[in-house]
Novice: 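I'd like to ask you about the structure that follows.
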Amino acid sequence: MLDLKRIQENKEKVKELLLRKGYEADFDTILELDIERKKIISEVEQYKAKRNKVSAEIPKLKKEGKPVDGIFQDMRELGDKIAECDEKAKSCEKQIFDLLSVMPNIPDEDLLAGEKENNAVIREVGKKPEFDFEMKNHVDLCTNLGIIDYQRGTKLSGGGYWLYRGDGARLEWALLNFFITEHLKDGYEFILPPHQLGYNCGFGAGQFPKFSDEVYWLDCDEDRTKNRFMLPTAETALVNMYAGEIIDESKLPMKFFAYTPCYRKEAGSYRAEERGMIRGHQFNKVEMVQYAHPEKSMEAFNELVDKAASLIEKLGLHFRVSKLAAGDCSASMARTYDIEVWIPSMGIYKEVSSVSNANDYQARRNNTKYRDSKTGKPAYLHTLNGSGLATSRVFPAIIEQYQNADGSIRVPDVLVPFMGGQTVIK
RNA sequence: GGAAAAGUAUCGAAGUGGUCAUAACGAGCCGCACUCGAAAUGCGGUUGUCGAGUUUUCGGCACAUGGGUUCGAAUCCCAUCUUUUCCGCCA
């Protein structure tokens, strides 16, 4: 949710920044509605003040035995006026709210305008592995080893689902355990949230109302605000934990991570060209979230980027870090860096982590505040999130980058302890 | 899923149509006094939000949420949510 005050004070600047995201904002309607709203409120408050004053006198008059019928008549009329104004003010507020609800976050000023083509690689780690044999893709490797069962996954649930089997399930679990262990070392609190969330969580995270078709809905109420959905990322849960609360400043930053599967419809996506486990309807992910003081949120952001990168680095995978152009950041985010791992068979880098700073956008939507020690007043805090990491992209990268000539897979050193000492999958 | 009870500030809790909503009473927290210091005691302060002025301020709204009745609702009525207890089901 954007700050109406910031729009009032810097209309053109905000407009320009949003345009970098490819979003053409119309603020005039909203600003007019706000003026109208204030006018009505000023008016109705005078009526209400009068009603309160008169109401307080009625018991006294009654005690003195004075007639009050005439006053009741006047008050009834005043009551009607109040109801009418309240109605109008509410309508203005609702319109303003609805307009603001669908506006994306303002990108940070240093972001370039445009889409993917303007993303900038800011860091590259390791080298593309070279093979002195004919390299295979992860789908063939996994199928031959029997560690991923695509066919039976499809049999159970349709396209975009697979089964992890045997050493495959073990490798997946080892990855998750490795991530969890690393985050615990860094002092993050481990959370296992519900996978089914209420509408308000989707709204708070900024996914709804605009992207409510991208998740799986439970229940059948026609009114989606009454239904629950399967979370598309643990961020949706973590970022709403403190909705409506005022957090003591001394508790910031608060650092969490959660493991959940992520459920996504991925309707109309690139399924055809993305075989295997690159894009599924259900994948495992460990997600990191920080609640930060606004002045410290860049610091938190850098920490999250470094954490995500260090996980891949420890796995010994070749990857790069990209700073996304404004238009490639998701709607809720002011700034995003992607960590992309090399998938040899595809000849491209694929996102394994997306680290973002929402600034106060999510906090405004779900009303999460901290008490500022300087002013003593509550203020919106900043929320940040980053995958740490999504296994479904790391897994194929490991399979492909660690493949041997005979089709077996060497287990990355850091995972060996989590695989019970096993060093090769064959 | 069924039944009953409950939801008021940081916590416990009183208020059951107007005079007791910033909200009694108790505790916590902050400041001051007493003290060499602490404890104890005493005094004062301690919600959020919106609007108008912006140096002191004034006013509206909020008693789980949303409606309704009324000149007037924490209080009466309806719906929803949550919690607790009991019953049912269950890993």
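Because only heavy atoms are used, hydrogens play no part in the values below, and waters and symmetry mates are left out as well, while side chains stay in. As the structure is a prediction and not an experimental result, all values here were calculated from the model. Every chain is numbered from 1, with letters handed out A, B, ... down the list of sequences.
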Novice: State the pairing partner of B:A9; accept Watson-Crick or G-U wobble contacts with both distances under 3.5 Å, and report none otherwise.
Specialist: none

Novice: Could you check how far CD of A:Gln8 sits from P of B:C50, rounded to whole Å?
Specialist: 12 Å

Novice: Hey, what's the ring geometry for A:Phe257 with A:Phe190, parallel, tilted or perpendicular (30° and 60° as the breaks)?
Specialist: parallel

Novice: Compute whether any side-chain donor of one residue and acceptor of the other, for A:Asp34 and A:Gln8, lie under 3.5 angstrom apart.
Specialist: yes

Novice: Determine the Euclidean distance between corresponding P atoms of B:G72 and B:G53; express it in Å to zero decimal places.
Specialist: 30 Å

Novice: Looking at A:Tyr199, A:Trp217, A:Phe211, A:Tyr263, which hits ring-ring contact (aromatic ring centres under 6.0 Å, His included) with A:Phe229?
Specialist: A:Trp217

Novice: Starting from the 5' end of RNA chain B, give me the residue, A:Arg76 or A:Lys53, whose nearest nucleotide shows up first.
Specialist: A:Lys53

Novice: Checking all strands, does A:Lys81 fall into the base, sugar-phosphate, or nothing category for heavy-atom contacts under 4.0 angstrom?
Specialist: nothing

Novice: With the side chain of A:Ile58 defined as its heavy atoms from C-beta on, choose the nearest nucleotide among B:G51, B:C61, B:C71.
Specialist: B:C71

Novice: In terms of the angle between their ring planes, are A:Tyr242 and A:Tyr291 parallel, tilted or perpendicular, with boundaries placed at 30° and 60°?
Specialist: perpendicular

Novice: Looking at every strand, decide which applies to A:Lys369 at a 4.0 Å heavy-atom threshold: base, sugar-phosphate, or nothing.
Specialist: sugar-phosphate

Novice: Using a heavy-atom cut-off of 4.0 Å across all strands, would you classify A:Asp74 as base, sugar-phosphate, or nothing?
Specialist: nothing

Novice: From the list B:G51, B:G67, B:G60, which nucleotide is the closest neighbour of the side chain of A:Ser42?
Specialist: B:G51

Novice: Sticking with atom C1', work out how far B:U22 lies from B:G44, rounded to a whole angstrom.
Specialist: 15 Å

Novice: Would you please classify the geometry between the A:Tyr337 ring and the A:Phe301 ring as parallel, tilted or perpendicular, with 30° and 60° separating the classes?
Specialist: perpendicular

Novice: With distance as the sole test, does A:Asn118 use its side chain to make a donor-acceptor pair with the main-chain N or O of A:Ala113 at under 3.5 Å?
Specialist: yes

Novice: Between B:C71, B:G51, B:G48, which one does the side chain of A:Pro378 approach most closely?
Specialist: B:G48

Novice: Let's see if you can work this out: which of B:G60, B:C71, B:U47 has an atom nearest to the side-chain heavy atoms of A:Lys48?
Specialist: B:G60

Novice: I'd like the C1' distance from B:G67 over to B:U54, given in whole Å.
Specialist: 38 Å

Novice: Could you tell me the Watson-Crick or G-U partner of B:A64, where both distances fall under 3.5 Å? Say none if there is no partner.
Specialist: B:U80

Novice: When you compare B:G66 with B:C11, how far apart are their C1' atoms, in angstrom units rounded to a whole number?
Specialist: 28 Å

Novice: According to the Watson-Crick and G-U wobble definitions, with both distances under 3.5 Å, which nucleotide is paired to B:C86?
Specialist: B:G2

Novice: Return the pairing partner of B:G31 with a 3.5 Å limit on both distances, Watson-Crick or G-U wobble; otherwise return none.
Specialist: B:C43

Novice: Taking atom P of B:G53 as reference, at what distance in whole Å does atom CD1 of A:Ile41 sit?
Specialist: 14 Å

Novice: Sticking with atom C1', work out how far B:A3 lies from B:A14, rounded to a whole angstrom.
Specialist: 29 Å

Novice: Taking pairing as Watson-Crick or G-U wobble with both contacts under 3.5 Å, can you name the mate of B:G37, or confirm there isn't one?
Specialist: none

Novice: Determine the Euclidean distance between corresponding P atoms of B:A62 and B:U19; express it in Å to zero decimal places.
Specialist: 15 Å

Novice: Taking the side chain of A:Asn52 as heavy atoms from C-beta outward, which of B:G67, B:U49, B:G60 is closest to it?
Specialist: B:G60

Novice: Please give the distance between the C1' atoms of B:C81 and B:U65 as a whole number of Å.
Specialist: 7 Å

Novice: Measure from the side-chain heavy atoms of A:Ser55 and tell me the nearest of B:A52, B:G72, B:U49.
Specialist: B:G72

Novice: So if I take every side-chain heavy atom of A:Ala49 and compare against B:G18, B:G59, B:U47, which nucleotide ends up nearest?
Specialist: B:G59

Novice: If we call it a pair only when both distances are under 3.5 Å in a Watson-Crick or G-U wobble match, what pairs with B:U54?
Specialist: none

